[in-house]
Amino acid sequence: MSEMCIVDKSPFVNRSKRAFRFLGYDSAMAKAKFNHQKIEKKWQKFWEAEGIFKANEKAREPFYVLDMFAYPSGEGMHVGHPRGYTASDILAKYYMMQGKNVLHPFGWDAFGLPAENYAVKVGVPPAQTTKKNIANFKRQLKSFGMGYDWDREINTSDPNYYKWTQWIFKVLFDNGYAYQKEAYANWCPKCQTVLANEQVVAGQCERCDSAVEQKKMKQWFFKFTAFAQELIDGLAQLDWPESTKEMQKNWIGRSEGAELEFAIDGGRDKIKVFTTRPDTLFGVTYMVLAPEHELVEKIVTSEQKKAVERYVANARKKSALDRTAAKEKTGVFTGAYVVNPANHERVPVWVADYVLADYGFGAVMAVPAHDERDNEFAKKYDLRIVRVIESDEDFYAGYGKLINSSEFDGQESEKVIPAITKKVGGKLTVQYKLHDWLISRQRYWGAPIPIIYVPKGSPSVPRGGKKSVAPTYGGDSFVPVSMDEKDLPVILPNDVDFKPTGESPLASSKKFQDGVEARYGKGARREVDTMDTFVCSSWYFLRYCDPHNTKEFAGKDSLKYWMPVDFYVGGAEHTNGHLLYARFMVKVLHKLGYLDFDEPFLKLRHQGMIQGEDGEKMSKSRGNVVNPDEVVEHYGADTMRMYEMFMGPFAMSMPWSTQGMVGVRRFLDKVWGKVQGADKKQETPHALVAKVTEDMEGQKFNTVVSTMMEFINEAQGTSWVRDFTLLLAPFAPHLAEEIWQNVLGEKASVFEDRWPRFDTKRAQAASVVIAVQEMGKLRGTVEIARDASERDVLAAVEQNDKLTRLVQNSKKHVFVPNKIINFIN
RNA sequence: GGGCAGGUGGUGGAAUGGUAUACACGAGAGACUUAAAAUCUCUUGGUCGUAAGACCUUGUGGGUUCGAGUCCCACCCUGCCCACCA
């Protein structure tokens, strides 16, 4: 997905080698230990040759288990990365053994900045770097024993993939969901380029530390806001963590209120405001416009003109970050007045940057008595502060009780807001914090935006396809038009200059504009910006269903069979990014009739992060990175997989412990030792199967492992080996396959067998230990047959010398079958 | 300022309102070994006690309950996300 941590090997290698040697774990030393290096490679080859993990039969019930898209960074993975991948792999294997036809694919979110920055610095083209990185990631994933269907591997930088990213852009553009407008963007004056918000650190460019400015540029947008309500409503049906849903709701930020108009005193213009509190109209003592508000220039009086211009220019220079970080509010009077529609009072109009241009109407009716921010501003500039009180009763009569901000509650607002809004000629409305999605990037390593600009009034456009709904804008002599589908993909050229110049590097390509005029008419030229990589990753899960299709982004039948994704695993940091973009994309394509579902991911779980052994976030600079290649080499992939599940609850973040991992390796050796000599004569360990199955269904992988440990600690004989191996297989696939085929002598893969069944009744022990309490305090226990009656338990307690007094002393008792008996005095 | 998680031994953590501290790590003692590693066995929340046992203990303070780590109220602390959103 996004550019995750970049892992540097060099400082770590020495450290880790020392650590491993210190722990002294050497599998070759004792007979009881298995040689992980040998068996892991052997079975990885076997699974690949036999195609064990390929999804291709359509007869069985489908189950789609997906990891979030990976960005193949230069240094490969650290041990935190495989945690989510291991969990999804365990689920894929588990559901496969439950008889499902499982789709478990992997692919690469290959476009993005690090490869391009590397090209700027070193000169190696991004395509080359990316190819190398992918090969390394793939090698690592295979060495972990992941059961991906590599026939379905996809790569966003492959023209066969980005053709469809471009096609989706075209569909959105043709239907009015992609549009172009002037917008402020983060601009680094030194690098001469636009930066994404993530690249702006504390108001500075992350690469050169220059102060980032706001620059107005023509940019492409997707109409995110058209789906704001549907994106909120759709959450209800999803099995996602509640906190994730809540974060998305807050990000979309719906609020109900009213749109009101304040006429300029002595002018014809009106200032529109959005307010959630029209009931505080009588407390309005001034009006504030955002510095960017279009009426500022128009209404400012000649006396105030200079001061206002200076203030506005200053505000523009400040970054959004500086503006919000400002401790004190600032502003300037415009000299103009508006009329309050409720009481016809004249109030002054100010300009202040605490009002945001891009929320509501970029203007606020200030009520300093009932709003903290207005209050602070009013105090600083000596503006009137008027509480809404009893004397306004005439106005509010009939609209419910009088409003005092602290007493205002939801029930009253339901009655009061519509009535008052109507009385002053406003209307009820809903506002969202969500903005449209700015997808243009002045970058090379991304999917080119498939748009052609032609001279205005050009006779030759558009050719074919649906009529373009492209807007023309302010006096420009060129208009953007949609491309023909058959002209896709627009291939990313390689004759470019990577050095940043302020324009997209594609502008420096000669090849890129070849043939455009011949095809689209004289003067035609291509858009040179590329798309945000989040566009590429907003639909990739669809492509896995039918990755080799050359006619469509994915065939209808395949989509119908596999989608939506049944189980999605990935980090919570993507909540307000990727997860929202993907939901938006599915909703647009659904609305346009390309999909028959409108949510991409039915069930979602987040993995917690693995911190370094020092409890800090793993990072190159802290030097606490643990390299999974080292772990696999010394302890084996099975050990790593199982330890990462054993560490704690899947969603929780926690520190890595190499010593803790050694405990898991000891357990696997113990298993290996105990299964020796097992034969075909087998019995189901019902209690074990029941507990493991139950925890698998709840994704409580940590307790699955501890349950297996407890079982092995007690296990006698070998009658349990067959079923135990099946339970072990998703976690430690190599060892399980080794036991399955080479100890038990099975001929097919353990993954082609079925998850063991159990009998609930036989899963229960014949006898139970009942806690004997006195006033809730434990005094002892009695062992007795399961489901023993109250009378039998009482008798057993009475027979116990130490407990017998409880029966005699107590007036009454509470009995819970198979659990407790509590005596009350 | 708003939202969401969470606070349990030396450590990671376990526990449908019913025996708190499972499992694992670490530590201590012992066995094997010339020795070490590995492996195996035992001990391991605290206080008092020779012992039997008693009392205390899940961030703090209240409450509900026969019984609360778990439910309710208030507070403290930590982490994450958003943040001048009218």
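So you know, we letter chains A, B, ... as the sequences are listed, proteins then strands, and number each from 1. Keep in mind that the numbers below use all heavy atoms, side chains included, and drop hydrogens, waters and symmetry copies. Values in this document were obtained by computation on a predicted structure and should not be read as measured data.
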Discussion item. Judged by each residue's nearest nucleotide on RNA chain B, which is more toward the 5′ side, Y359(A) or G780(A)?
Written reply: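 Checking each residue's closest nucleotide, the 5'-ward one belongs to G780(A).
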Discussion item. Between G17(B) and G12(B), how far apart are the two C1' atoms, rounded to whole Å?
Written reply: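 It comes out at 27 Å once rounded to the nearest Å.
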Discussion item. In whole Å, measure the gap between the P atoms of G10(B) and U44(B) for me.
Written reply: 15 Å
Contacts of type ring-ring contact (aromatic ring centres under 6.0 Å, His included), residue [X], not counting sequence neighbours:
{"X": "F711(A)", "answer": "W720(A), F724(A)"}
{"X": "Y643(A)", "answer": "W656(A)"}
{"X": "H293(A)", "answer": "none"}
{"X": "Y381(A)", "answer": "W350(A), F377(A)"}

For nucleotides 11-17 of chain B, print each protein N/O atom paired with a nucleotide N/O atom at under 3.5 Å, atom names and distance only.
residue : atom : partner : partner atom : Å
G12(B)  : O2'  : M647(A) : O            : 2.9
A14(B)  : OP1  : N702(A) : ND2          : 2.9
A15(B)  : OP1  : K700(A) : NZ           : 3.2
U16(B)  : O4   : K819(A) : NZ           : 2.2

Worksheet, complete the sentence: Listing for RNA chain B: consecutive Watson-Crick or G-U pair runs of at least 3, distance cutoff 3.5 Å, ranges ordered by first number, gives B:1-7 with B:76-82, B:10-12 with B:23-25, B:26-31 with B:39-44, B:45-48 with B:53-56, B:59-63 with B:71-75
Worksheet item: What residues form a side-chain hydrogen bond (donor to acceptor under 3.5 Å, both in side chains) with N340(A), not counting sequence neighbours?
Response: N343(A)
Practice prompt. Between C23(B), C40(B), A86(B), spot the one nearest the side chain of K670(A), thanks.
Written response: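 My answer, after comparing the listed nucleotides, is C40(B).
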So [X], base contact, sugar-phosphate only, or nothing? Heavy-atom distance under 4.0 Å.
{"X": "T707(A)", "value": "nothing"}
{"X": "T275(A)", "value": "sugar-phosphate"}
{"X": "V769(A)", "value": "base"}

Table of protein N/O atoms under 3.5 Å from nucleotides 52-59 of chain B N/O atoms:
residue : atom : partner : partner atom : Å
G53(B)  : OP1  : K802(A) : NZ           : 3.4
C55(B)  : OP2  : R779(A) : NH1          : 3.3
C56(B)  : OP2  : K777(A) : NZ           : 3.1

Item to complete: Let me know the distance between CZ of R666(A) and P of C40(B), rounded to the nearest Å.
Response: 8 Å
List, with names and distances, any nitrogen or oxygen atoms from the protein found under 3.5 Å away from nitrogen or oxygen atoms belonging to nucleotides 2-4 of chain B.
residue : atom : partner : partner atom : Å
G3(B)   : O2'  : N250(A) : ND2          : 3.1

Quick one: which protein N/O atoms are closer than 3.5 Å to N/O atoms of nucleotides 64-66 of chain B? Pair and distance per line, please.
residue : atom : partner : partner atom : Å
C66(B)  : O2'  : N822(A) : ND2          : 3.2
C66(B)  : O2   : N822(A) : ND2          : 2.7

Check: protein-nucleotides 46-48 of chain B nitrogen or oxygen pairs below 3.5 Å:
none

Worksheet entry | Pairs involving residues 639-648 of chain A, ordered by first then second residue, that meet salt bridge (charged side-chain N to carboxylate O under 4.0 Å, His left out) (sequence neighbours left out) |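 For residues 639-648 of chain A, and leaving out neighbouring residues, the salt bridge (charged side-chain N to carboxylate O under 4.0 Å, His left out) pairs sorted by first residue read D89(A)-R641(A).
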